[in-house]
Amino acid sequence: MAYFNPLRPSYIAGPYPALARLRAEAPVFFSEPHEAWIVTSYAEGLALLHDDATYASDPAHSAGRVRERIRHQ
């Protein structure tokens, strides 16, 4: 299971080793604590950005708690 905590002091001090590990082990994964997909691979990120049919930039298309948070802002 991939682990990602961008607020951890060791990550803040030097994020590159953690990002390299994530790219090697899980370039795309869902982070339960952040309720978000984490994408660390350039190729996967580029594919995601160019696929408008699958991925929407409109947060209203979100699901679950993310959508509820957006609706109440």
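Closest approach of I12 to L7, counting heavy atoms only: CD1-O, 3.6 Å. Minimum interatomic distance between S31 and I38 (heavy atoms only, all atoms of both residues): CB-CG1, 3.8 Å. The two residues H34 and N5 make their nearest non-hydrogen contact at CE1-CA, 4.4 Å. Considering every non-hydrogen atom in both Y11 and A18, the closest pair reads CD1-CB, 3.9 Å.
Grouping the Ile, Leu, Val, Met, Phe, Trp and Tyr side chains by contacts below 4.5 angstrom, directly or via other members, places F4 apart from F30. Tracing side-chain contacts under 4.5 Å through hydrophobic residues (I, L, V, M, F, W, Y), one reaches F29 starting from L19; they form part of the same cluster.
Residue W37 holds its CH2 atom at 11.0 Å from CD of E44, rounded to the nearest 0.5 Å. The distance from the OH atom of Y3 to the CD atom of E25 is 14.0 Å, given to the nearest 0.5 Å.
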